[in-house]
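Everything on this sheet refers to the single structure shown next.
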There are 2 protein chains.
Amino acid sequence: MTNKRKELKKVAIDAVQRSGLQNLSFRTLADQVGVKSSSVHYYFPEKADLAASLIESYTDSFVEMLNAIDKKQLSLSDTIDAFIKIFEDVVKAKKFCLCGMMAAEVAMLNDANRSLLSNYFKILENWLSVHFENHKDQIDSAYSPETLAQIVLSGLEGAILLDRVENGQVRLNAQRKLIKVLINNG
Amino acid sequence: MTNKRKELKKVAIDAVQRSGLQNLSFRTLADQVGVKSSSVHYYFPEKADLAASLIESYTDSFVEMLNAIDKKQLSLSDTIDAFIKIFEDVVKAKKFCLCGMMAAEVAMLNDANRSLLSNYFKILENWLSVHFENHKDQIDSAYSPETLAQIVLSGLEGAILLDRVENGQVRLNAQRKLIKVLINNG
DNA sequence: GTCTATATACAGATAGAC
DNA sequence: GTCTATCTGTATATAGAC
């Protein structure tokens, strides 16, 4: 992949995490990278192509972070803490999850991009689910690993969405507290 | 308030819940109500005025629903079920919470509208919090009423955001399960 | 690959007639 | 209150030169 293409994607992802895909134009994206909008169209013919590329890149980056966590062989508690920290970093950067943002904009996405979005959430839930399954003795027996994964992910997404409004992290901390209790009630 | 103004707000709220404020134009709004865009500007000079009016109306409607629930004098469990049902109805209508949607679009809002958004979330959390406080013996003692309210609201918002993508309600059901356990662990 | 130039559509907003 | 008409800016997208 060329450097310009990489740079465009990096800048675009940042922009979408701040103000959404709808608010990102080929012009402003081009300006930020120092090219013309027609050059952006060279890499991404239509906006849907750009969107697809962003979701894929964002998913790949996230998976890399998850692999890095796995490599450390931490306890379940520390593993989930590391997962939560990814969301905390997003809040601190005054951003929202790229896929959470696009989930809000789902009405404007085509079917292919909806599938890519769905895939992202399922990958995260699956990663959580596997960890819960592997330490089933440590999670609250009231929930299956799958259900707990859904609770954790949707809780974190909702928390950083609401916290954005006040530029704080009270809901994120509330979710952190919840998760802490849920994985020590085994 | 005039009928046209009321009608414009109703149509606009529905549109924002589906595709966001950014995607709502004076033109399309006018078309749906059968007037010209300049007439919409008569009622709402700037788009920020429209946004403010929508948040206020949506908040008022929600408070009315909460009051209706209170009037029934239900058990804590049934009260919270009724609260969850409001979110379920939103999912079933293939919509998202108007304020959750605008929270994603917060970068494009002015300070006044951010305050209105913040106010909405606090009203909902406060309502939940009061109910938890009034039945403190029925809630999991690991959480304060305030923290539990934050957990519940952010969890539900995140759930209906993610469920939108697949047009399902698995995360909503997961959150429902969680909440059921949390308010019977007293 | 990157550019200039342009087509076409639509956005928010306002002036002024009725 | 609602309209016509219009201004100005910006959006996505493409053709074609270099």
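Naming convention: chains lettered A, B, ... in sequence-line order (proteins, then strands); numbering from 1 in each chain.
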Length of the [atom1]-[atom2] vector between [X] and [N], whole Å:
X	N	atom1	atom2	result
B:His41	D:dT6	NE2	C1'	13 Å
A:Lys4	C:dC3	NZ	C1'	13 Å
A:Glu7	C:dG1	CD	C1'	14 Å
B:Leu50	C:dA11	CG	P	14 Å
B:Tyr42	D:dC3	OH	P	13 Å
A:Phe44	D:dA13	CZ	C1'	16 Å
B:Asp31	C:dC10	CG	P	11 Å
A:Asp49	D:dT12	CG	C1'	12 Å

Can you name the salt bridge (Lys or Arg N to Asp or Glu O under 4.0 Å) partners of B:Lys95, sequence neighbours left out?
B:Asp14

Sole residue of B:Phe132, B:Phe83, B:Phe62, B:Phe121 in ring pair (Phe, Tyr, Trp, His ring centres under 6.0 Å) with B:Trp127
B:Phe83

Would you call A:Asp89 and A:Lys85 a salt bridge, taking side-chain N to carboxylate O under 4.0 Å as the test?
yes

Is any side-chain N of the basic residue among A:Glu125 and B:Arg171 closer than 4.0 Å to the acidic one's carboxylate O?
yes

For B:Leu21, does its backbone N or O pair with a side-chain atom of B:Glu105 as donor and acceptor, under 3.5 Å?
yes

If only atom types and distance count, is the side chain of A:Arg164 paired as donor or acceptor with the main-chain N or O of B:Ala104 below 3.5 Å?
yes

Do you know which of B:Ile179, B:Leu178, B:Ile151 makes side-chain contact (heavy atoms from CB on, under 4.5 Å) with A:Ile151?
B:Leu178

Nearest to the side chain of B:Lys36, which nucleotide is it out of D:dT2, C:dG1, D:dT4?
D:dT4

Taking DNA chain D as the partner, which of residues 13-29 of chain B come within under 4.0 angstrom of it by heavy atom?
none

For D:dG1, does OP1 or OP2 lie under 4.0 Å from any side-chain N or O of B:Ser39?
no

Donor-acceptor pair under 3.5 Å, B:Ser38 side chain vs C:dT14 base
no

